[in-house]
Amino acid sequence: MHALWAERQIFITREKGSDSGVHPLRDDELVLLKELREMLPDSKYIFVSERGEVMSTDAVRKLLGRLAAQAGLDIKRLMKKVTYLEALSS
């Protein structure tokens, strides 16, 4: 992930052969990403582990799963919908 602050966009690098791409950031997303950035001003990463290192894809996936469970969301079902919608838009 690479934030393009001036353009109000984010570049997402996808795995497993999916298309990477640039996505617009909403105002609330931009504010929250900047707040995260301010928490670790010396890091070149936005999402980091407890040790301040870049998080692996697996670690992010597990974190999202735990947060989704706490919020009562079915993350696997949500991701299937996202994948389906991405396929439709291609």
Side-chain angles (χ1 to χ4, degrees):
M1 183 197 89
H2 178 75
L4 308 167
W5 302 114
E7 294 87 359
R8 303 173 60 87
Q9 297 175 332
I10 192 168
F11 181 78
I12 303 291
T13 304
R14 303 212 189 264
E15 311 184 313
K16 300 181 181 179
S18 297
D19 292 334
S20 298
V22 177
H23 304 276
L25 289 169
R26 298 184 322 229
D27 290 339
D28 60 334
E29 295 167 330
L30 198 58
V31 167
L32 292 171
L33 283 172
K34 285 184 177 182
E35 286 178 14
L36 279 173
R37 188 79 192 119
E38 290 170 3
M39 293 170 76
L40 295 164
D42 297 329
S43 176
K44 65 180 184 176
Y45 305 109
I46 292 175
F47 299 103
V48 295
S49 69
E50 292 175 348
R51 294 178 299 207
E53 299 172 359
V54 66
M55 291 179 73
S56 69
T57 302
D58 190 50
V60 172
R61 191 174 291 120
K62 287 177 182 176
L63 175 63
L64 289 174
R66 286 193 306 270
L67 293 172
Q70 289 175 5
L73 301 173
D74 183 349
I75 193 76
K76 290 180 181 178
R77 185 172 177 212
L78 176 63
M79 293 311 295
K80 286 179 184 178
K81 288 181 180 181
V82 168
T83 302
Y84 175 73
L85 292 172
E86 286 176 345
L88 286 178
S89 67
S90 298

*How long is the span from the NE2 atom in H23 to the CD atom in E29, to the nearest 0.5 Å?*
11.0 Å
_Distance (rounded to the nearest 0.5 Å) between L63 CG and S49 OG_ = 11.5 Å
_Just to verify, what does D42 make a salt bridge (Lys or Arg N to Asp or Glu O under 4.0 Å) with, not counting sequence neighbours?_
none
*Report the distance from atom CG of L67 to atom CG of L73, rounding to the nearest 0.5 Å.*
10.0 Å
*Straight-line distance of E35 CD to L30 CG, nearest 0.5 Å*: 10.5 Å
_Between L33 and M39, is there shared hydrophobic-cluster membership here, with clusters defined by ILVMFWY side-chain heavy atoms closer than 4.5 Å?_
yes
*Taking side chain as C-beta onward, heavy atoms only, is L40 less than 4.5 Å from V48?*
yes
*asked:* With clusters defined by side-chain heavy atoms of hydrophobic residues (ILVMFWY) lying less than 4.5 Å apart, directly or transitively, does L32 cluster with L64?
replied: no
*So how far is it from L25 CG to K34 NZ, rounded to the nearest 0.5 Å?*
9.5 Å
*asked:* Restricting to side-chain hydrogen bond (donor to acceptor under 3.5 Å, both in side chains), what partner residues turn up for K62, sequence neighbours left out?
replied: D58
